[in-house]
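The structure appears below as structure tokens.
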Amino acid sequence: RKLKAFPAGFLWGAASAAYQVEGAWDADGKGPSVWDVFAKLPGKTFQGSNGDVAVDHYHRFAEDVALMAEMGLKAYRFSVSWPRIFPQGRGEPNEAGLAFYEHLIDTLIAHHIEPVLTLYHWDMPQALQDEYGGWEDRRIIADFEHYCVTLFQRFAGKVKYWVSLNEQNYNLTNAYQLGTHPPAVEDRKRFFAANHIAFLANASVIATFRRHVPNGLIGPSFAYSPAYPGSSAPADMLAFENAEELTNHWWLDTYCFGRYPQAALTWLTETGEAPDILPGDLEILSQGLPDFVGVNYYQTLTYTGNALDGVTLQRINTTGQKGTTPASGIPGLYKTMANPFVETSNWDWAIDPTGLRIALRRLASRYALPVMITENGLGEFDQLVAGDRVHDDYRIAYLKAHVEACQQAISDGVQLLGYCAWSFTDILSWLNGYQKRYGFVYVDRDERDTRDLRRIRKDSFHWYKKVIASNGEIL
Ligand code: GCO
């Protein structure tokens, strides 16, 4: 089969998030986010790591953008920290916070790098969490909108691509079902209620965006783990359908169709866990549909219908030791199982480039929207050798296979806007600390010792540079 070439103007990018890279957690008037507080509570993160310093991108962004320019990067996805702009969550904006992002955006543009701006990557202002419980109260909708409009007005002329909510599904699952992200609740009723309010906030902001940024494009980024059936046994097929409905369509249908998927809504109504849908809510949802779907792709998940009683929700593997993640699921509906046909990373994430091709095709067929890969990458224990080398051939192999899957999907007819590898520099992994590295650029620090935060190009940096220069011809 002759594959289609990557389109001209394809956004070869890399991504990050404010809390994972910026540091400067209380600089220039920034208020605390829920992560600034949560990560400092005993036992919440890997060896107590936090983002107080992170990789100090706040002070070193010029150096980082210079490395992006050297690499030839076409797009850089970053997030704005809400409490940098509104230290108390609302009110008058903090000019120093806006100025930081303006400098970053101007520097990117000066180097012909397209900024892709994420509005919310989990760092809720602590003030709003304290006042009314963040996503659990409808007051968040107006506060989130006020924050977003401030950014729309300031950056409409400079930023074309906007991501509304990042991984609402993963973040709120951790926050309200597993108790592993702030506010660390384990309550499915509250989980679906918080999600409903987040959907309303997302749609409201998208509707408002159209007035402020008429030439821009906006969409949410979804943590998409496509479901596979464990076998062709009807019970496994049904479990796979159930999982696809409740772990994927619940979010994607609501974003893209403005309504919840019917079977899942029926089950949750039976169990009493469905959100309260007030008059007018469905209109709000259907008036804020996205221009594209952002997809953060790391793995597929495989489901079985066997022994469905007594399964528990997944506990996260924070150890970096293979084979330590227990099965998880929902009694009566589905349960995860290991897929014997794929390798896994040290954190038990299935390495499955074909799954990316499948993900892109499912999204394009079901929603008929363009897709942007807003994250894809491999977390590993990288080794610095001879002081200035990192031979991350495993990461090159991973990325190469996934970029090939993108080309297959494009050849299948998917309209793919870009590919943002996760991440540009090494970052703080929320629950797995600084030891789990993702970047093209190594940053010299560990959990507690920030050393000199020196930037070192990994082998994957040189590889991706060639990929970009050849627009994906040389992989
Ligand atoms: C990690 C995760 C994150 C996410 C990203 C989600 O190890 O903490 O992989 O880095 O991928 O923040 O949007």
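In listed order, ligands and their atoms are each counted from 1. These numbers were taken from a predicted model, which means no experiment stands behind them. The residues of the chain are indexed from 1 along the displayed sequence. Any value given below was found using the heavy atoms of this structure, including those in side chains, with hydrogens, waters and symmetry copies removed.
Residue contact check for ligand 1: L428 places no non-hydrogen atom closer than 4.0 Å to it. Every heavy atom of F46 sits 4.0 Å or more from the atoms of ligand 1. Residue contacts with ligand 1 include Y298, since one or more of its heavy atoms lies under 4.0 Å from the ligand. Distances from ligand 1 to the non-hydrogen atoms of W347 include no value under 4.0 Å.
The nearest heavy-atom contact from the protein to atom 10 (O) of ligand 1 is Q20 NE2, 2.9 Å. The protein non-hydrogen atom at the shortest distance from atom 9 (O) of ligand 1 is Y438 OH, 2.6 Å. Given atom 4 (C) of ligand 1, the protein heavy atom at minimum distance is E375 OE1, 3.7 Å. For atom 7 (O) of ligand 1, the closest non-hydrogen atom of the protein is S429 OG, 2.5 Å.
In this structure, K436 is positioned above the aromatic face of W349, its NZ or CZ under 6.0 Å from the six-membered ring centre and within 45° of the axis. Figure legend: cation-pi geometry between R190 and Y176 absent, as NZ or CZ is not positioned both under 6.0 Å from the six-membered ring centre and within 45° of its axis.
Here's the thing with W349: none of its N/O atoms is less than 3.5 angstrom from an N/O atom of ligand 1. Taking only nitrogen or oxygen atoms, main chain and side chain alike, W122 does not reach within less than 3.5 Å of ligand 1. Residue N432 has no N or O atom closer than 3.5 Å to an N or O atom of ligand 1.
At a 4.0 Å heavy-atom cut-off, ligand 1 does not touch L431 at all. The residue Y170 has no part lying near ligand 1, judged by heavy-atom distances below 4.0 Å.
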Determine whether Y303 and E244 satisfy the following criterion, side chain to side chain donor-acceptor pair (under 3.5 Å), listing intermediate values before the conclusion. CA-CA 10 Å; Y303 295 92; E244 192 65 12; over 6 Å; no
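When each atom of ligand 1 is checked for a heavy atom of I427 under 4.0 Å away, the hits are 10 (O). Near N296, with a cut-off below 4.0 Å to any heavy atom, the atoms of ligand 1 are 13 (O). In summary, the atoms of ligand 1 found under 4.0 Å from a heavy atom of N166, numbered by their order in the structure, are 6 (C), 13 (O). Atoms of ligand 1 found under 4.0 Å from any heavy atom of H121, numbered from 1 in the order shown, are 5 (C), 6 (C), 12 (O), 13 (O).
A donor-acceptor contact under 3.5 angstrom links the side chains of Q168 and N195, judged on distance only.
The aromatic ring centroids of F461 and Y442 lie 6.0 Å or more from each other. Aromatic ring centroids of W135 and Y120 lie under 6.0 Å apart. Proximity of the aromatic rings of W25 and Y19 is defined here by a centroid distance below 6.0 angstrom, and this criterion is not met. Aromatic pair Y101/F155: centroids not less than 6.0 angstrom apart.
In terms of heavy atoms, L165 sits closest to A198 at CD1-O, 3.6 Å.
A side-chain hydrogen bond (donor to acceptor under 3.5 Å, both in side chains) with E375 is found for exactly one of Y438, Y297, Y419, Y298, namely Y298.
For the pair R389/R457, no side-chain contact is recorded, criterion being any heavy-atom separation below 4.5 Å from C-beta on.
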